[in-house]
Amino acid sequence: MDNSCEDKSYILALSCKDQVGIVAAVSAHLAAHDGFILDSQQYADLALGSFFMRVEFAGAGPAFPDRIEQLRDGFAPIAAQYGMRWELVAAAERPRVLVAVSKGSHCLNDLLHRWRTGNLPVEIVGVVSNHPDLRDLTEWHGIAFHHLPIGAEGKDAQEARILALHEELRADYLVLARYMQVLSSTTVDRLAGKCINIHHSFLPSFKGARPYHQAHSQGVKLIGATAHFVTSDLDEGPIIEQDVERVDHRATQDDLVRIGRDIEARVLARAVRWVAERRVFLNGVRTVVFR
């Protein structure tokens with residue numbers, strides 16, 4: 001197998017009811033079309049009877065890219081047979097992402113840096129905010145900044161403009177990088193499975209303003225962050241990624257804020273990367289993540 005084929009690889013991601021023969025059918029179809037499997041992961045949720053699979057493959061011959069549509073068309077009957085939800089994309093294809101922020105810059109700055117240095121496999125198509133504070137940071141990276149404040153017409157009108165911008169930019173995902181507004185159920189429903197949020201790990205114990213200061217006053221010894229898909233249940237959507245760090249009595253309030261922001265930034269970046277690489281599958285109120 002020529003290693004150069006890895007530069008022209010494809011990803012087949014699918015989910016369906018768990019049944020006998022799925023892996024064999026997928027593997028046989030790829031082999032019949034000279035598909036060389038580079039990586040394959042699968043998981044059967046026995047409790048729910050669900051099956052999930054992600055296969056990255058390349059062509060065994062130089063003419064393979066010309067045959068990918070034939071492979072795709074031929075897979076459709078197999079997908080229908082097993083009732084699959086599936087997609088087949090080039091591994092190099094980058095989902096289009098609109099980032100929403102308020103005033104906190106740490107998650108946005110991290111995403112923009114990773115994107116600018118080629119270490120985040122997405123295309124950031126814009127940043128939208130209800131405050132103007134992060135315009136300079138955004139535009140320094142060459143990204144359009146859209147200031148959409150919540151005016152006299154109210155939040156519903158402002159969210160309608162965000163949704164219109166999301167559609168205008170042909171964004172695949174909306175990433176809430178510390179966007180400090182609760183989205184309406186209408187917006188959440190429109191973006192079901194396509195909206196990612198990050199928050200600190202203190203919920204539900206320490207709600208509202210200055211959660212790290214609240215945690216410090218209670219002597220918390222473990223802090224972290226959670227990235228999840230947004231649902232109508234506030235901060236309770238299907239979890240994509242989490243991380244924690246231990247702290248002790250020597251940590252000041254400012255230490256907790258600094259450590260917490262670092263965790264939030266890296267957890268959100270991991271979640272965005274894994275979603276972009278088609279590694280994340282919704283499984284009811286949970287997710288399956290092939291790392």
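We number each residue from 1, following the sequence as shown. Below, all heavy atoms of this structure are taken into account, side chains as well, without hydrogens, waters or symmetry copies.
- Within a 6.0 Å radius of NZ in K17, other residues, nucleotides and ligands contribute 12 heavy atoms or fewer.
- Residues H29 and L71 share a closest heavy-atom pair of NE2-O, 2.9 Å.
- Under a cut-off of 6.0 angstrom, the local environment of CD in E167 is sparse, with at most 12 non-hydrogen atoms contributed by other residues, nucleotides or ligands.
- Side-chain atoms of T252 come within 3.5 Å of backbone atoms of D255 as a donor-acceptor pair (strictly under, hydrogens ignored).
- The closest donor-acceptor contact from the side chain of Q158 to the backbone of G151 lies at 3.5 Å or more, if one exists at all.
- Between the NE2 atom in H147 and the CG atom in D133 there is a gap of 8.0 Å [rounded to 0.5 Å].
- To the nearest 0.5 angstrom, D45 atom CG is 5.0 Å from R286 atom CZ.
- Under a cut-off of 6.0 angstrom, the local environment of NE2 in H113 is sparse, with at most 12 non-hydrogen atoms contributed by other residues, nucleotides or ligands.
- Under 4.0 Å is where a charged nitrogen must lie from a carboxylate oxygen, and between R170 and E123 no such pair does.
- S102 places a side-chain N or O within donor-acceptor distance of the main-chain N or O of M180, the cut-off being under 3.5 Å.
- Among residues two or more places apart in sequence or in another chain, the ring-ring contact (aromatic ring centres under 6.0 Å, His included) test is passed with W274 by none.
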Practice prompt. Could you give me the CA-CA distance, side-chain angles and deciding distance for R291 and R279, then say whether side-chain contact (heavy atoms from CB on, under 4.5 Å) is met?
Written response: CA-CA 7 Å; R291 297 178 56 177; R279 297 182 181 276; 5.9 Å; no
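- Every residue was checked against the side chain to side chain donor-acceptor pair (under 3.5 Å) condition with Q19, not counting sequence neighbours, and none meets it.
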Fill in: Audit row: R261, V257, side-chain contact (heavy atoms from CB on, under 4.5 Å) steps and yes/no
CA-CA 6 Å; R261 287 174 176 171; V257 171; 3.5 Å; yes
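- Between the CZ atom in R266 and the CD atom in E241 there is a gap of 9.5 Å [rounded to 0.5 Å].
- Formation of a donor-acceptor pair under 3.5 Å by the E159 side chain with backbone atoms of S184 is found in this model.
- Note that the CE atom of M53 and the CH2 atom of W86 stand 14.0 Å from one another [nearest 0.5 Å].
- Considering every non-hydrogen atom in both L176 and L183, the closest pair reads CD1-CD1, 4.0 Å.
- Closest of all the heavy-atom pairs between I143 and G126 is CG2-CA, 3.7 Å.
- Distance alone, capped at 3.5 Å, is enough to place a donor-acceptor pair between the R278 side chain and the A276 backbone.
- Under the side chain to side chain contact (heavy atoms under 4.5 Å, CB included) criterion, S15 pairs with F52, R85, F281, sequence neighbours left out.
- With W115 as the aromatic partner, R94 does not meet the cation-pi criteria of under 6.0 angstrom to the ring centre and within 45 degrees of the ring axis.
- No donor-acceptor distance shorter than 3.5 angstrom exists from the side chain of K194 to the backbone of A171, with no hydrogens or angles considered.
- A donor-acceptor contact under 3.5 angstrom links the side chains of T117 and N119, judged on distance only.
- For the atom pair CD of E56 and CZ of F290, the computed distance is 13.5 Å after rounding to the nearest 0.5 Å.
- Here H199 and H228 bring their ring centres to under 6.0 angstrom of each other.
- Side-chain atoms of T186 and D189 include no donor-acceptor pair closer than 3.5 Å.
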Worksheet item: Which is it for D110 and R114 under the salt bridge (charged side-chain N to carboxylate O under 4.0 Å, His left out) test, yes or no, and what are the steps along the way?
Response: CA-CA 6 Å; D110 184 78; R114 292 174 189 266; 2.6 Å; yes
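- V175 and L148 end up in different hydrophobic clusters when Ile, Leu, Val, Met, Phe, Trp and Tyr side chains are linked at under 4.5 Å.
- What you find for I37 and S40 is that their closest heavy atoms are CG2-CB, 4.0 Å.
- At a threshold of 4.0 Å, the pair R72-E69 counts as salt-bridged, since one of the basic side-chain nitrogens sits closer than that to a carboxylate oxygen.
- Each of L14, I22, D18 was scored for a side chain to side chain contact (heavy atoms under 4.5 Å, CB included) with Y82, with one residue passing: I22.
- Checked for salt-bridge contact, R161 and E153 meet the test: a charged N lies under 4.0 Å from a carboxylate O.
- Annotation for A271 and I240: closest pair CB-CG2, 3.7 Å, computed over non-hydrogen atoms.
- Nearest heavy-atom pair, T226 versus V267, reported as atom, atom and distance to 0.1 Å: C-CG1, 4.2 Å.
- One hydrophobic cluster, built from ILVMFWY side chains closer than 4.5 Å, holds both L112 and V97.
- A donor-acceptor pair under 3.5 Å is formed between the side chain of R54 and the backbone N or O of E277.
- Using a 4.5 Å cut-off between side-chain heavy atoms of Ile, Leu, Val, Met, Phe, Trp and Tyr, with links allowed through other members, V55 and F75 fall into the same hydrophobic cluster.
- Here CZ of R135 is found 9.5 Å from NE2 of H146. Values are rounded to the nearest 0.5 Å.
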